[in-house]
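What follows is a set of notes on a single structure, which appears directly below.
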Amino acid sequence: MNRKYHSLSFVKSGAQGGSVARALLKCPGFAVRAVTRDVSRPAAIALRDLGAEVVKGDLDDKEAVEKILKGVYGAFLVTNFYTCKEKEITQGKLVADLAGALGLQHVVYSGLENVNKLTGGALKVGHFDTKGEVEEYFWEKGVPMTSVRMAFYYENFLTDLKPVKNASGDYDLVLPMEGVPMDGMAVADIGPVVCSLFQSPDGYIGKAIGLSAERLTAEQYAEEFSKHTGKNIKATKISTEEYSKLGFPYAQEFANMYRFYQMKPDRDIKLTHQLYPKVKNFDQFLTENKDALKDLLK
């Protein structure tokens, strides 16, 4: 059966939407429509060259979203908290309403737990809570949806959370997990997982799936970094309370995220490998990104 799949993610090279679109272009039986605000962006052009139908669209535009979804088999949706919390919820609910009204057979949503609700208000993690609220709305509306809950992105270690040079000339990896192992996964690997879900939806619709390639302590992440860079990299001993007071934007938010990670949320390593047997562990991720590592610690 020739099924059409429309990605509602804004196309960005290396991000979730692009990973899903590229994976689905390799899946038999799916025609791919990638939606982006700017069809002239290099990432959008690259997807078009691979065979995707790239169209201009915006999740704030109800008429445009309705046109994009009309007559399709399913959709992958990823929303952005950092644009605006209220907007993320509104956008997610709009897609849920339209998906239900138009009869989509399967939506895969990039969701997360509603931590505030799960902890009875003890912890608020805004960029989790909003996605959790959207998840709940999809299920309340009876839309056939699978939520994929990603683990910590390995890619974060190459940008904002890269090891930092200290006064002695060595490097500190600041990860306030206080000895608790943390699930990780390359965001680029979400595409093949989503492809598997669309190909075999039975048993997954109506469920949330926690994804993870492997689970390492801060010390183990630092050891892998040292092995691949030849630098002396150590995990900093820092509590979530100390981390929350570091003064950078969203410090409290991320401290609460690590507190939630310490509660060991459900991330299923075995299932992730079943859905995508080639999912990369951290060692493999660093090997694939050796060129980026050359410039990382200069």
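In this text the structure is predicted, and so the values were computed from the model without any measurement.
Using a cutoff of 4.0 Å between basic side-chain nitrogens and carboxylate oxygens, K117 and E136 are scored as salt-bridged. One finds no salt bridge joining E63 and K67 here, because no Lys/Arg side-chain nitrogen approaches an Asp/Glu carboxylate oxygen to under 4.0 Å. Taking the charged nitrogens against the carboxylate oxygens, K237 and E219 do have a contact shorter than 4.0 Å, which makes a salt bridge. Salt-bridge check for R41 with D38: failed, with every basic side-chain N at 4.0 Å or more from each acidic carboxylate O. A salt bridge is absent between K124 and E113: the closest approach of a Lys/Arg side-chain nitrogen to an acidic carboxylate oxygen does not fall below 4.0 angstrom. Using a 4.0 Å cut-off between a side-chain N of Lys or Arg and a carboxylate O of Asp or Glu, K227 and D283 qualify as a salt bridge.
Each of L24 and I45 belongs to its own hydrophobic cluster when Ile, Leu, Val, Met, Phe, Trp and Tyr are linked at side-chain heavy-atom distances under 4.5 angstrom. No continuous path of hydrophobic side-chain contacts links I190 to I269 [ILVMFWY only; heavy atoms under 4.5 Å]. Follow the hydrophobic side-chain contacts under 4.5 Å out from Y137 and you never reach V107; the two are in separate clusters. Under the 4.5 Å side-chain heavy-atom criterion for Ile, Leu, Val, Met, Phe, Trp and Tyr, V164 and L293 are members of distinct hydrophobic clusters.
Aromatic ring orientation, F282 versus F225: perpendicular (interplanar angle above 60°, classes split at 30° and 60°). The aromatic rings of F128 and F260 lie perpendicular to each other, with more than 60° between the two planes, well past the 30° mark.
Here the two rings, on F198 and F76, have centers that are 6.0 Å apart or farther. Taking the six-membered ring for Trp and the full ring otherwise, the centers of Y243 and F254 sit at least 6.0 Å from each other.
Partner L59 forms a side-chain contact (heavy atoms from CB on, under 4.5 Å) with one of L77, L94, T90 and no other, that one being L77.
Nearest heavy atom pair, residue Q274 against residue P277, reads O-CD, 4.0 Å. Closest approach of V180 and Y261 over heavy atoms only: CG1-O, 4.4 Å. Nearest approach of R215 to P181, heavy atoms of both residues: CG-CB, 3.5 Å. Taking all atoms of both residues into account, the shortest heavy-atom contact from P192 to D189 is CD-O, 3.3 Å. Contact detail for P176 and Q262: the closest heavy-atom pair is O-NE2, 3.0 Å. Of all heavy-atom pairs spanning S212 and R267, the tightest one is CB-CB, 3.8 Å.
Rounded to the nearest 0.5 Å, atoms NE2 (H106) and CD1 (I205) are 4.5 Å apart. Taken to the nearest 0.5 Å, the CG atom of L275 stands 5.5 Å off from the CG atom of L197. Note that CG of N166 and OG1 of T236 are 8.0 Å apart. Values are rounded to the nearest 0.5 Å.
For residues 91-103, the set of pairs meeting the salt bridge (charged side-chain N to carboxylate O under 4.0 Å, His left out) definition, not counting sequence neighbours, comprises K93-E133.
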Check against side-chain contact (heavy atoms from CB on, under 4.5 Å), L297 and Y171: CA-CA 9 Å; L297 305 181; Y171 291 82; 3.7 Å; yes
Stepwise salt bridge (Lys or Arg N to Asp or Glu O under 4.0 Å) test for K70 and E66: CA-CA 6 Å; K70 191 173 183 179; E66 185 172 8; over 6 Å; no
From CA spacing to verdict: side-chain contact (heavy atoms from CB on, under 4.5 Å), K290, H228: CA-CA 8 Å; K290 59 183 179 182; H228 283 269; over 6 Å; no
Pair T240-E178, side-chain hydrogen bond (donor to acceptor under 3.5 Å, both in side chains): steps then yes or no: CA-CA 8 Å; T240 51; E178 303 179 53; 3.3 Å; yes
From CA spacing to verdict: side-chain contact (heavy atoms from CB on, under 4.5 Å), L158, K162: CA-CA 5 Å; L158 302 182; K162 68 180 182 181; over 6 Å; no
Full working for side-chain contact (heavy atoms from CB on, under 4.5 Å) between N114 and L118: CA-CA 6 Å; N114 188 335; L118 282 174; 5.5 Å; no
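With hydrogens and angles left out, the side-chain atoms of Q199 and S196 include no donor and acceptor closer than 3.5 Å. For the 3.5 Å distance criterion, the side chains of N116 and D129 fail to qualify, holding no donor opposite an acceptor.
Taking the side chain as every heavy atom from C-beta outward, V65 and L69 approach each other to under 4.5 Å. For the pair T79 and Y109, the minimum side-chain heavy-atom distance is below 4.5 Å. Side-chain contact between H127 and E253 is present, with at least one heavy-atom pair separated by less than 4.5 Å. When side chains are defined from C-beta on, L271 counts as touching Y204, because their heavy atoms get closer than 4.5 Å. In this structure, the side chains of L123 and M263 come closer than 4.5 Å at one or more pairs of heavy atoms. Taking 4.5 Å as the limit, every side-chain heavy atom of F157 sits out of range of all side-chain heavy atoms of E224. A heavy-atom distance below 4.5 Å is not found between the side chains of K231 and D170. Using a 4.5 Å cut-off on side-chain heavy atoms (C-beta onward), V32 and E53 make no contact.
Under a 3.5 Å cut-off, the side chain of E288 and the backbone N or O of F285 do not form any donor-acceptor pair. Judged by distance alone, the side chain of S110 and the main-chain N or O of V78 form no donor-acceptor pair under 3.5 Å.
Enclosure of atom NZ in K165 is not indicated, since only 12 or fewer non-hydrogen atoms of other residues, nucleotides or ligands lie within 6.0 angstrom.
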